[in-house]
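Positions are given from 1 along the sequence.
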Amino acid sequence: MIRDEETLALLLASLSRFVRERLVPNEDLVAESDAIPEELVAEMRELGLFGLCIPEEYGGLGLTMEEEVLVAFELARTSPAFRSLVGTNNGIGSQGLIIDGTAEQKQRYLPRLASGELVASFALTEPESGSDAASLRTTAVRDGDHYVLNGTKRYITNAPEAGIFTVMARTDAANKGSGGISAFIVEKGTAGLSLGKVDRKMGQRGAHTCDVILDQCRVPAANLIGGIEGVGFKTAMKVLDKGRLHIAAVCVGVAERMLEDALRYALERQQFGQRIADFQLVQAMLADSKAEIYAARCMTLDAARRRDRQEDVSTEASCCKMFASEMCGRVADRAVQIHGGAGYVADYAIERFYRDVRLFRIYEGTTQIQQLVIARNMIRQSGS
Ligand SMILES: Cc1cc2nc3c(=O)[nH]c(=O)nc-3n(C[C@H](O)[C@H](O)[C@H](O)COP(=O)(O)OP(=O)(O)OC[C@H]3O[C@@H](n4cnc5c(N)ncnc54)[C@H](O)[C@@H]3O)c2cc1C
């Protein structure tokens, strides 16, 4: 749903200019230094990028899902590290609060998340619990007006930058399934909360992950999201449903950028006395990529509109995340191929993008987990 065409067009135009003029020229610097320059972070704050999806009453832009997807198409036409920095504030880091938080919890944290003063992280994965997230082992035991949390969370995006963590922990030791899990807001600086060393990753330099360690970490009971025990896993799944549409849109944007780079190279590079773009086998790679990106763009927009109409889009969100991330991998591979040897060395951006986009098929639910979600929903809906 688009609330106001004119306002959205202005936002998309200024974002597109910002990506082209400020982010693209800094891609190499971010990759080499593994950090986003503070002045760019300040500009991202000014543009309102940290609060895109936070409701307007808390200082955000309150984008609808369709608007968010259109914004993600633009923002993703550069290194995914930039999107990653604002991604947790708009997505998995804040949505638990937005969807299920109490009025007081929202008031306490959302305005600072929207302004970018605070960065949020989402801590579900553990060393022994990844795809099987409901088996998580982190415990939260009530002690007076606090909970005492113990456990380790793994690969947590933006943890080194985070001021608050949405942490899923087991409050009911007798319930080993999803019903025993609750969600908490844990503030940086809380005694018993510490971070592991920053992970050395395949790509997306400039975006950081690390372990989040909870050792006798005392969290006020007021920070139990929604004030209700046992619904934290449901909160996490609602957050991930929305996140999957966002990641699908990011895959579309970055694939469009890779294809644009590949087309430019194919038009410049000459072999056998002509542009390689004129060879039909190269044209096949360009055409297949174009068609797949178009398909992913259409399905992501369709699912976003359905979500805005309050439809249950669990199946569609998984279809989009699965198809768009796999598509993005294929486009990256073809774009390297079109660049030939130049695609394998770091002089061209495609070498970096090829590594960066590999992550999209893994996090927020691997391709295999999306397949399980889709097929299980189909079987359930068949009624047999
Ligand atoms: C850079 C990065 C950032 C991340 N950010 C976050 C974050 O911010 N917060 C967070 O909580 N987590 C985060 N994660 C964790 C991420 O979501 C998990 O890595 C992912 O869900 C997979 O879990 P796993 O690594 O334990 O793999 P596993 O679950 O061990 O899976 C290994 C393989 O087995 C397959 N598999 C597992 N179960 C099945 C099954 N039932 N059927 C078929 N195949 C199966 C998987 O598809 C995969 O191919 C991040 C990970 C990375 C690498």
Should Asp261 and Tyr348 be marked as a side chain to side chain contact (heavy atoms under 4.5 Å, CB included) after you check the CA-CA gap, both sets of side-chain angles, and the distance that decides it? CA-CA 9 Å; Asp261 284 8; Tyr348 287 85; over 6 Å; no
Mark yes or no for whether [X], through its side chain, and [Y], through its backbone, hold a donor-acceptor pair below 3.5 Å.
X	Y	result
Arg170	Gly177	yes
Lys321	Gly365	yes
Ser318	Thr315	no
Arg142	Gly144	yes
Asn223	Val186	no
Arg77	Arg20	no
Thr235	Asp100	no
His208	Ala35	no

Indicate the atoms forming the closest heavy-atom contact of [X] with [Y], along with that distance.
X	Y	answer
Gly48	Leu61	O-CD1, 4.4 Å
Ile98	Pro55	CD1-CD, 3.9 Å
Thr171	Gly230	OG1-N, 4.1 Å
Glu66	Asp308	N-OD2, 3.0 Å
Ala295	Phe323	CB-CE2, 4.0 Å

With clusters defined by side-chain heavy atoms of hydrophobic residues (ILVMFWY) lying less than 4.5 Å apart, directly or transitively, does Leu85 cluster with Leu15?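 Yes, Leu15 connects to Leu85 through the hydrophobic network.
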Quick one: pull up [atom1] in [X] and [atom2] in [Y] and give me the separation to the nearest 0.5 Å.
X	Y	atom1	atom2	value
Tyr363	Tyr155	OH	OH	15.0 Å
Ile276	Tyr265	CD1	OH	6.0 Å
Glu128	Leu136	CD	CG	12.5 Å
Thr366	Gln368	OG1	CD	4.5 Å
Asn158	Asn89	CG	CG	7.5 Å
Ile181	Leu124	CD1	CG	7.5 Å

Are [X] and [Y] linked by a side-chain donor-acceptor pair shorter than 3.5 Å?
X	Y	result
Ser129	Arg137	no
Thr138	Glu126	yes
Ser84	Gln204	no
Asp199	Thr209	yes

Evaluate whether atom [atom1] of [X] has more than 12 neighbouring non-hydrogen atoms of other residues, nucleotides or ligands under 6.0 angstrom away.
X	atom1	result
Lys188	NZ	no
Phe279	CZ	yes
Lys234	NZ	no
Glu27	CD	yes
Tyr354	OH	no
Met1	CE	yes
Glu38	CD	yes
Gln274	CD	yes

Closer than 4.0 angstrom, basic N to acidic O: yes or no for [X] and [Y]?
X	Y	value
Glu68	Arg307	no
Lys106	Glu57	no
Glu316	Arg305	no

Trace of the side chain to side chain contact (heavy atoms under 4.5 Å, CB included) decision for Val254 with Cys328: CA-CA 8 Å; Val254 76; Cys328 195; 3.4 Å; yes
Looking at side-chain heavy atoms only, is the closest gap between [X] and [Y] below 4.5 Å?
X	Y	value
Arg355	Arg358	no
Leu70	Leu12	yes
Asp28	Arg352	yes
Tyr147	Ser182	no
Glu187	Tyr109	yes

By salt bridge (charged side-chain N to carboxylate O under 4.0 Å, His left out), which residues pair with Arg376, not counting sequence neighbours?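 Here no residue qualifies.
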Kindly indicate, with the supporting measurements, whether the criterion side chain to side chain contact (heavy atoms under 4.5 Å, CB included) is fulfilled by Arg297 and Glu256. CA-CA 10 Å; Arg297 181 179 257 271; Glu256 284 176 345; 2.9 Å; yes
Solution key, residues 281-291 side-chain donor-acceptor pairs under 3.5 Å, sequence neighbours excluded:
{"residue": "Gln283", "atom": "NE2", "partner": "Ala277", "partner atom": "O", "Å": "3.0"}
{"residue": "Ser289", "atom": "OG", "partner": "Met285", "partner atom": "O", "Å": "2.8"}
{"residue": "Ser289", "atom": "OG", "partner": "Arg334", "partner atom": "NH1", "Å": "3.0"}

Take Met258 and Val357 through the side chain to side chain contact (heavy atoms under 4.5 Å, CB included) test and state the conclusion after the steps. CA-CA 10 Å; Met258 292 189 290; Val357 303; 4.2 Å; yes
